[in-house]
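This report concerns only the one structure given below.
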Amino acid sequence: MGFFTSNSSYPLPGLNYALSSQPYPVQHMQQDYSPRDIERAAQDFWNEQGSFRAVEKEGADKFYCLSMFPYPSGKLHMGHVRNYTIGDVVTRYQRMRGRNVLQPIGFDAFGLPAENAAIKNGVPPAQWTYSNIETMCAQLKRLGFAYDWSRKLATCEPDYYRWQQWFFIQLLKKGLVYRRNSRVNWDPVDQTVLANEQVIDGRGWRSGAIVEQREVPQWFMKITAYADELLDDLSGLDQWPDAVKTMQANWIGRSQGLEIDFKLADAADGADTLTVFTTRPDTFYGVTYLAVAAQHPLALAAAERDATVAAFVEEASRGDVTEAAMETMEKRGVPLGVDVIHPLTGARVPVWAANFVLMGYGTGAVMAVPAHDERDYEFASKHGLAIRKVIVTEQEWALEQRAATLGSLSDEDDAVEHPAQQSLIGAIAASSADGCTTERGVCINSAEFDGLAFDAAFDAITAKLEALGAGRRRINYRLRDWGVSRQRYWGCPIPIIYCEACDAVPVPEDQLPVRLPEDLVPDGRGNPLLRTPEFVNCVCPQCGKPARRETDTFDTFVDSSWYFARFASFGADAMIDARAKYWMPVDIYIGGIEHAILHLLYARFFVKLMRDVGLSDVAEPFKRLLTQGMVLAEAYYRTTEAGGREWIAPKDVDVERDAKGVVTRAVHRESGETLTAAGMGTMSKSKNNGIDPQDIIDAHGADAVRLYMMFTAPPEQTLEWSDAGIEGAGRFLRRLWKLVADHVAQGEPGAVATLEVAKLSAAQKDVRRKLHDTLAKVGDDYERRFSFNTAIAACMELSNLLHRFRDGGGAADAQGRAVMQEALDALVQMLAPIVPHVAHELWWALGHNAAVIDAPWPQSDAAARIADTVALVVQINGKLRGKIEIAADASDDQVIAAALADENVQKFIAGQTIRKQIVVKGKLVNFVVAA
RNA sequence: GCCCGAAUGGCGAAAUCGGUAGACGCAAGGGACUUAAAAUCCCUCUCCCGCGAGGGAAUCUCGGUUCGAGUCCGAGUUCGGGCACCA
């Protein structure tokens, strides 16, 4: 089995090795493809050679390829396999192109699932996590990924998180972190803080109790101080998908607006003004009420004396806190019994508390203009509040002006209505019927501002309010500061000590890391650190008196915001060292689109913080971003007698088809029962439709899995798992193996005649043209397009051609054999990044004496690609009517003449006049004809 | 609700800058080989009309721009991702 080799560093178990002076000579090529043996052998080879150990080499063209590191949830899932295969293909391609590559791997090891597992099984999160990491590493190795394993890290290791603690203290010193109260989901039964994910329909996931909101002191990072830079620098990320940049820009949500002070009509409750933020000062005369968040001080004050308000505030403190829940919730509110004075009209305007106003955005208060805001309109209609129209379209304005003029003219003129005018009247009627228009337009009913368009009205009204001291321009962001405190055990301890005398004191740097005890077992009732006096009790570093240690830990997004820099400086006795300067920024970062906003924004923020703390001069972490799609699988269920659904794993389901191949029935293999197909969905426990990568690797080999993953869909799209598809991948690899084996069997591998282009037959030239076309295409697909599925398809086309070439006898003579050798060499190299094990083995078989990963990437030969003739399409009025074959260097006139000579073309031109002829070089000719 | 995507044969997809729609693969049907099966190899394979040559229709829906639209523009439908404590 496999190849007999002389080198003891390349052992195959249970074999006798033939001795030879060649490093890895091929004595004999196995006729059949046997993935298990060759994959193991190739992996051993890379290991022994240290092929993927990254070493900083000044002057070398570096390439840092990174996939988002996994959460160690237990075993690898298909999403991981896909993500890491993409990264590995890019890495291996770049390595073959001669770049000095770094591809590290690690684990995002802190987080909630470890605590959930602990609650369920009573195992400490640390033990569970480390054991999962071990399992997953073995699986990653089995897939043959070209990682520098010497840089493996896990964020739960003190050597990692101590620098995170150190960094937090630097930020504290620079005033970039602060502490304030903020709301959390509180489960009153379990006496614990819940993650949003653990709140289901407003109730705790385990207790079922209605969730309350509590204010607790938490640490925040001032990401808003970097809002402008985070927004502006997006434009420099020219190798990021536009969708991600747009999402981040919208998330930051920079808006120019006006802060306006409304004086309370009856100064009470201490405060005498209410400040709102608006981006639409042009609608200022349309304000008919003000709305504040339920937690706004004015609402809380009103609640003191008004039971209805108190009930509303109380009710708003229950249930979900997510923005999605707030926005979809029924719009409700209560009047506060407080009026304010409109600064320009002097009118009294009522103030309401409303559940759709967010305390965290702007000032927690808004001016409502129901005629020009959907939400305000809905709320006003429901509560009988006034609606005042102050904006019209430019056409409406023009028409009203005209009507005003017409009023002074004679009746005769009035009667002659222009059709365009009538349509405008119709448009006005339509827009008035709506009752709410949010588009910008021209002011009406706005005193001296009537007739001003948006920009002019914005400036004029702003100027007037500024002059009155009742308003000021302000830039507002949707982005909020980043709350990093989590009331959880399994995370990086926040390095703070609370002292009664000195308040919050950072842990001195020489006492870092603050180690997290690894033997605690959470039980779902709060953070076990709170019940661990050895952890909590300490002395104040400032005054030496007894003090309490912070028991909150960091949001795990903090852990993942700088790991890429640590990989580059692995083991440094500092957060990062000079090696980070060599490797950073990451040249390509690959991961799920679900991280488009949060993780990627936080990582960008952290890199800017690290720069400003003086650690580096890199401003952006990821030069290029590839967002991969998810892996889906069909889910099947049977309906139980009780009417519930029992989900059946896809591997236990047989599919029946009709003569056309259309699926007619899904059958449970065990019981023969007909199942319901629930369609494609993400692989999940609840639908029992997960496919275990391990089973597939065991059955088909790592190369087949890798090939299938890369071939089935382009990286950004979702990938639908198919058992038949993986078999097709295996089939291609066996065909490829056989093609090389047949060639090798024809004679001494590698010993072929020198190619003499002038002596080649037409068929041999065709093979070379196809080969060099393929090389050009595949190179572009790997390098620029990341279009691996089409690169593979091109390799398959070439392989199919080589089969026909062989079967047609084209490879029989000495030159044919040389052409075949050239083509097979290149084909194996082109496929090597995707199916590295089989390529490794075939490369030796083809007679080479260095590993394929160390061979220079094959270049496309432009001369071989030149064709004598080209096929053109002839269209008449854009419809395909004929095809012609013509000399590649034919002139436009010659092309037209040849096209007109076509019989079918003649038929369609007969009796018509040619109005226009369009010739597209190398593509088509189009005649525009008419009778 | 808001923000961002996606939609092409029975299925996964391709068409890279507006120029032959369906490359490549899967499934299916027919055939070869075989005692048989598996494996392998060959042929067919968007739909409709036609013996054929060929013609018509077709890229989620409706409309527009263009000699020419899967690709650009407008309106809509459905599905997916995110919405700040899942990672």
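Just the heavy atoms: all of them, side chains too, but no hydrogens, waters or symmetry mates, feed the values below. Everything quoted here is computed from the prediction, not taken from an experiment. So you know, we letter chains A, B, ... as the sequences are listed, proteins then strands, and number each from 1.
In summary, the aromatic rings of A:Phe107 and A:Phe69 are positioned with their centroids too far apart to meet the 6.0 Å limit. Ring centroid separation for the pair A:Trp721 and A:Tyr708 comes in under the 6.0 Å cut-off. Taking the six-membered ring for Trp, A:Phe711 and A:Phe788 have ring centres at least 6.0 Å apart.
Seen from the ring of A:Phe220, A:Arg180 counts as a face-on cation partner, given the 6.0 Å and 45° thresholds. Within the cation-pi definition used here (under 6.0 Å to the ring centroid, within 45° of the axis), A:Arg254 does not qualify as a partner of A:Tyr477.
With A:Val484 as reference, A:Trp219 is the one residue of A:Trp219, A:Tyr602, A:Phe557 to meet the side-chain contact (heavy atoms from CB on, under 4.5 Å) rule. Partner of A:Met247 under the side-chain contact (heavy atoms from CB on, under 4.5 Å) criterion, chosen from A:Ile597, A:Leu600, A:Leu601: A:Ile597.
Put simply, CD on A:Glu727 is 11 Å from C1' on B:A27, counting in whole angstrom units. The separation between A:Asn185 atom CG and B:A84 atom C1' is 12 Å, rounded to whole Å. In this structure, A:Asp723 atom CG and B:G12 atom C1' are separated by 14 Å, rounded to whole Å. Atom pair A:Trp219:CH2 and B:C85:P shows a separation of 18 Å (rounding to whole Å applied). Nucleotide B:C79 holds its P atom 17 Å from the CE atom of A:Met680, rounded to whole Å. Across the protein-nucleic acid pair, A:Asn132 atom CG and B:A87 atom P stand 15 Å apart, rounded to whole Å. Between the CG atom of A:Leu739 and the P atom of B:C41 there is a distance of 11 Å, given to the nearest Å. The CH2 atom of A:Trp721 sits 13 Å away from the C1' atom of B:C26 (whole-angstrom rounding).
Among the protein residues, A:Phe732 comes within range of no part of the nucleic acid, since none of its heavy atoms lies under 4.0 Å from any strand. If you check every strand for non-hydrogen atoms under 4.0 Å, A:Phe107 touches nothing. Among the atoms of the strands shown, base atoms are found under 4.0 Å from some heavy atom of A:Gln218. Residue-level contact check: A:Ser485 touches the bases, meaning some heavy atom is under 4.0 Å from a base atom. Backbone-only engagement by A:Pro714 is indicated by non-hydrogen atom pairs under 4.0 Å involving sugar-phosphate atoms exclusively. A:Met68 comes within 4.0 angstrom of nothing in the nucleic acid, heavy atoms only. At a threshold of 4.0 angstrom between heavy atoms, the contacts of A:His599 with the nucleic acid are absent. Using a 4.0 Å heavy-atom criterion, one finds that A:Arg183 contacts no nucleic acid atom at all.
A:Arg480 has no side-chain polar atom (N or O) that falls below the 4.0 Å cut-off from OP1 or OP2 of B:A84. Applying the 4.0 Å criterion to OP1 and OP2 of B:A15, one finds that A:Arg785 has a side-chain N or O inside that range. Here A:Arg731 reaches the OP1 or OP2 of B:A27: one of its side-chain N or O atoms lies under 4.0 Å away. At B:A87, one or more side-chain N or O atoms of A:Thr556 fall inside 4.0 Å of OP1 or OP2 (strictly under the cut-off). Taking only side-chain nitrogens and oxygens, A:Lys879 comes nearer than 4.0 Å to OP1 or OP2 of B:A57. The side chain of A:Arg478 places no N or O atom within less than 4.0 Å of a non-bridging phosphate oxygen (OP1 or OP2) of B:A84. Between B:U40 and A:Arg734, a contact under 4.0 Å exists linking OP1 or OP2 to a side-chain N or O.
You'll find the side chain of A:Leu831 reaches within 4.5 Å of the side chain of A:Cys795, heavy atoms only.
The C1' atoms of B:U59 and B:C11 are separated by 16 Å, rounded to the nearest whole Å. Taking atom P on both B:C45 and B:G25, the two are 15 Å apart, rounded to the nearest angstrom. To the nearest whole angstrom, the two P atoms, one in B:G81 and one in B:C42, are 42 Å apart. Taking the P atoms as reference points, B:G50 lies 16 Å from B:G56, given to the whole Å. One P atom belongs to B:A27, the other to B:C33, and the distance between them is 23 Å to the nearest Å. Nucleotides B:G31 and B:G22 place their C1' atoms 26 Å apart, quoted to the nearest Å. B:U71 sits 11 Å from B:U16 when the C1' atoms are compared, rounded to a whole Å. When the C1' atom is used for both B:A14 and B:U46, the distance is 15 Å, rounded to whole Å.
With its glycosidic angle more than 90° from 0, B:C11 is assigned anti. With a glycosidic angle more than 90° from 0, B:G25 adopts the anti conformation.
Both distances falling under 3.5 Å, in either a Watson-Crick or a G-U wobble arrangement, place B:G1 opposite B:C83. Partner assigned to B:A37 is none, using Watson-Crick or G-U wobble distances below 3.5 angstrom. Searching all strands for a Watson-Crick or G-U wobble partner of B:A58 with both distances below 3.5 Å returns nothing.
The side chain of A:Val928 sits closest to B:C67 out of B:C85, B:G54, B:C67. Picking from B:C41, B:G12, B:A87 the nucleotide with the shortest atom distance to the side chain of A:Tyr71 gives B:A87. Of the candidate nucleotides B:C85, B:A84, B:U16, B:A84 has the atom nearest to the side chain of A:Leu479.
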Provide a list of protein-nucleic acid N or O atom pairs under 3.5 angstrom, restricted to nucleotides 1-11 of chain B.
| residue | atom | partner | partner atom | Å |
| --- | --- | --- | --- | --- |
| B:C3 | O3' | A:Asn250 | ND2 | 2.8 |
| B:C3 | O2' | A:Asn250 | ND2 | 2.7 |

Once base and sugar-phosphate atoms are separated, protein heavy atoms under 4.0 Å mark nucleotides 17-24 of chain B, 5' to 3', with B, S and - as --BB--BB
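Judged purely by distance below 3.5 Å, without hydrogens or angles, the side chains of A:Arg735 and A:Asn800 pair a donor atom with an acceptor atom.
Nucleotides of RNA chain B nearest to A:Arg735 and A:Val216 differ in position, and the one nearer the 5' end is that of A:Arg735.
Classified by interplanar angle (parallel below 30°, tilted 30° to 60°, perpendicular above 60°), the ring pair A:Tyr33/A:Trp737 is tilted.
Around the CG atom of A:Asp201, the shell of radius 6.0 Å holds no more than 12 heavy atoms that belong to other residues, nucleotides or ligands.
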- Show your reasoning for whether side chain to side chain contact (heavy atoms under 4.5 Å, CB included) applies to A:Asp902 and A:Phe908. CA-CA 10 Å; A:Asp902 184 273; A:Phe908 280 87; over 6 Å; no
